[in-house]
Amino acid sequence: MRTLAVVGGGVIGSAVAWRAAEAGWSVTVFDPAPGTGSSWVAGGMLAPLSEGWPGETEALRFGAASLSRWPAFAQALHRTTGIDVLVATATLTVALDAADAADLRTIAEFAGTQGHPMRLLDRADVRNTESALARTVRAGLLAPEPAADNRLLLQALADAGAATGVRVRPEPVTTLDDLNHDHVVLSPGAAAATLWPQLPIRPVKGEILRLRHRPGTPPPPAHVVRARVHGRSLYLVPRANGLVVGATQYEAGFDTTVTVAGVRDLIADAEAVLPGIGEYELAEAAAGSRPTTPDNLPLIGPLTDRVIVAAGHGRNGILGVPLTADAVLALLAGDTLPEAKAADPHRFPQISGGTR
Ligand code: GLY
């Protein structure tokens, strides 16, 4: 049986490990604290269409290709583990002023040219869709994009991996030379460049809140709700008992301290869109390091004959799980997946071949 080491036990590494074990590989995941990094902090939006913008065609295509795989991926996880990880069926992006409303039309037009029609909503339609939104919301855009509960996803992937024979070694890897496996998948998120310095992946800090619904307060939205408030991007992602509010964005190295200003902005922006959340319980504030590349597309491909990188998913790690797993499985079988071509790491000239 051929052996595979997966370095990094977040959602990307865990999904690759599970699928590779199913395909007959003997798989070991190395991670000192599996599932505790940015995968644990994430909101779980699956919104490549709502976040599309003219000129960013590759990002939309890559994201849409992964989004289209999500239903079957979630069903397979459910069959194996009994865990249903999807939490909403659609994403509603709302406009608070005329400039935002114009942006929604731009996004809808662009997605339409790429074969993804979306529905523009007027003020009344928005209220019929999500009645608890602020009266200041003047337009909306509805996209067929669900969301995933990132923590249920981590649990389901761990269970599915265990059921298919994946071994987890809770220890760090300091050099890939220590691994004698036939193949290595490098998926340690923002830390990838510490193991492979040529990889252009840097941490981008993001803070996020988890709010718990309390009896007698308005229920959480049924949709993922996105908005821009005071120039800042906001999202509200439903959970079984509340919602996730995200996210701040800073260049702060590997700092994951939750700041007063971050929490203040997230609460103020969320209340501007959904006033009822002031009565919710503030259950958690957390920060993570998004593994970010210069062009906001991930790096998925061979670094040597033995080492494959699957990292750099930035703000879209949860979205990218099914396509990344398929792409890595194809590479392990000596093939390539056309939909993942834009993520070829060799688009960056500093990534040359090596021998490890
Ligand atoms: N998943 C969205 C973010 O990173 O803020």
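Small disclaimer: the values here were computed from a predicted structure and weren't measured. Values reported hereafter were calculated over all heavy atoms of this structure, with side chains retained and with hydrogens, waters and symmetry mates removed. Indexing begins at 1, ligand by ligand and atom by atom, following the structure's order.
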Closest protein heavy atom (residue, atom, distance) for atom 4 (O) of ligand 1
R290 NE, 2.6 Å

Is it true that L329 and V6 fall in one hydrophobic cluster, defined by side-chain heavy atoms closer than 4.5 Å?
no

With heavy atoms of A247 as the reference, note each atom of ligand 1 found under 4.0 Å away.
5 (O)

Give a yes or no on whether a salt bridge exists between R228 and D100, defined as a side-chain N under 4.0 angstrom from a carboxylate O.
yes

Nearest heavy atoms of A143 and M118, plus distance in Å:
CB-SD, 3.3 Å

Would you mind checking which non-hydrogen protein atom is closest to atom 1 (N) of ligand 1, with the distance to 0.1 Å?
R315 O, 2.8 Å

Evaluate the criterion side chain to side chain contact (heavy atoms under 4.5 Å, CB included) for residue pair T91 and M45; output intermediate values, then yes/no.
CA-CA 9 Å; T91 294; M45 268 195 308; 5.6 Å; no

If we set the cut-off at 4.0 Å for heavy atoms, which region of Q249 has an atom near ligand 1: side chain, backbone, both, or neither?
neither

Mark up the atoms of ligand 1 that fall under 4.0 Å of a heavy atom belonging to Y235, in ascending order.
1 (N), 2 (C), 3 (C), 4 (O), 5 (O)

Determine whether the aromatic ring centres of F73 and H78 lie less than 6.0 Å apart.
no

